[in-house]
Amino acid sequence: MKPSFQPGHRFEWQYTVPARATVPELYHDTLFCREMPDVLATGYLVGMMELACLHGMMEFVDWPREQSLGTMVNFRHLAPTPPGMTLTIRGEVVEVDGRRVLFRVEAWDDVEKVCEGTHERCMIDTGRFAEKMARKQDAYRGVT
């Protein structure tokens, strides 16, 4: 991560909500969810908030050798968004502590604010991470 990646860095990212991101579509294999409102699912919104933060830090990392993983989400989903609307997600880096980065993030659809909160990401070296995952998979195969 480049030393210029510091608190105060702001970013914005837009994403148009697809039909597959609604509660009935995303959770189509769960019977009671099929009858829920056709609006953006909170779980999908959380993913978009994470991706906006990832997008906001891309110019500061040595991609793909250096990447980040989400380690904490703390969001309030404030209002429903139907498919077809565009989310505008704005964020700011609040803290950089070694490999850990904390963001303040909010999302607006075409009408109103729909989400706000904080998100933490941790920088990883993809080679070392792949080795760790291989050890975990080997341990799992040894159990089954």
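Residue Val111 shares its hydrophobic cluster (ILVMFWY side chains chained together at separations under 4.5 Å) with Met85.
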Evaluation steps, side-chain contact (heavy atoms from CB on, under 4.5 Å), between Leu78 and Cys115: CA-CA 5 Å; Leu78 305 170; Cys115 188; 5.7 Å; no

Derivation and outcome, side-chain contact (heavy atoms from CB on, under 4.5 Å), residues Ser68 and Ile124: CA-CA 5 Å; Ser68 67; Ile124 62 164; over 6 Å; no

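A donor-acceptor contact under 3.5 angstrom links the side chains of Thr88 and Gln14, judged on distance only.
Linking Ile, Leu, Val, Met, Phe, Trp and Tyr whenever their side-chain heavy atoms come within less than 4.5 Å leaves Leu69 and Met57 in two separate clusters. Both Met123 and Phe5 are part of a single hydrophobic cluster, where members link through side-chain heavy atoms under 4.5 Å apart. Placement of Val96 and Met58 within a single hydrophobic cluster is found when ILVMFWY residues are connected by side-chain heavy-atom separations under 4.5 Å, directly or transitively. Neither Val101 nor Val94 shares a network with the other; the hydrophobic side chains, linked directly or stepwise wherever heavy atoms of I, L, V, M, F, W or Y lie under 4.5 Å apart, form separate groups for each. Cluster annotation: Val17 is not connected to Trp108 through the hydrophobic network of ILVMFWY side chains, with a link wherever side-chain heavy atoms come within less than 4.5 Å.
Residue pairs meeting the salt bridge (Lys or Arg N to Asp or Glu O under 4.0 Å) criterion with at least one partner in residues 4-15, sequence neighbours excluded, are Arg10-Glu92, Glu12-Arg90. Within the structure, the ring pair (Phe, Tyr, Trp, His ring centres under 6.0 Å) test picks out the following pairs touching residues 67-107 (sequence neighbours left out): Phe11-Phe103. Contacts classified as salt bridge (Lys or Arg N to Asp or Glu O under 4.0 Å) and involving residues 50-67 (residues at least two apart or in different chains) are given here: Glu50-Arg121, Asp62-Arg65, Arg65-Asp125.
For the pair Leu45 and Thr81, the minimum side-chain heavy-atom distance is 4.5 Å or more. Using a 4.5 Å cut-off on side-chain heavy atoms (C-beta onward), Pro18 and Tyr44 make contact. Taking 4.5 Å as the limit, some side-chain heavy atom of Ile89 sits within range of a side-chain heavy atom of Met48. No side-chain heavy atom of Leu40 sits less than 4.5 Å from a side-chain heavy atom of Pro83. Contact check for Pro24 versus Asp38: side-chain heavy atoms found under the 4.5 Å cut-off.
Evaluation of the salt bridge (Lys or Arg N to Asp or Glu O under 4.0 Å) rule for Lys132 yields no partner, not counting sequence neighbours. Not counting sequence neighbours, the partners of Asn74 by the side-chain contact (heavy atoms from CB on, under 4.5 Å) test are Met72, Thr118. Every residue two or more places apart in sequence or in another chain that forms a side-chain contact (heavy atoms from CB on, under 4.5 Å) with Thr16 is listed here: Thr86. Every residue meeting the side-chain contact (heavy atoms from CB on, under 4.5 Å) condition with Pro37, not counting sequence neighbours, appears here in chain and number order: Val39. For Ala79, the side-chain contact (heavy atoms from CB on, under 4.5 Å) partners two or more places apart in sequence, or in a different chain, are Glu112, Val114. Not counting sequence neighbours, the partners of Glu120 by the salt bridge (Lys or Arg N to Asp or Glu O under 4.0 Å) test are Arg100. Contacts of Tyr15 classified as ring pair (Phe, Tyr, Trp, His ring centres under 6.0 Å), with partners at least two apart in sequence or in another chain: Trp13.
Rounding to the nearest 0.5 Å gives a distance of 9.0 Å between NE2 of His9 and OG of Ser4. With rounding to the nearest 0.5 Å, the separation of CZ in Arg104 from CD in Glu116 is 10.5 Å. Here the straight-line distance linking atom CE of Met133 with atom OG1 of Thr126 works out to 13.5 Å at 0.5 Å rounding. A distance of 12.5 Å separates OG1 in Thr42 from CZ in Arg76, rounded to the nearest 0.5 Å.
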Please output the side-chain donor-acceptor pairs of residues 26-34 that fall under 3.5 Å, not counting sequence neighbours, one pair per line with the distance.
| residue | atom | partner | partner atom | Å |
| --- | --- | --- | --- | --- |
| Arg34 | NE | His28 | O | 2.7 |
| Arg34 | NH2 | His28 | O | 3.1 |

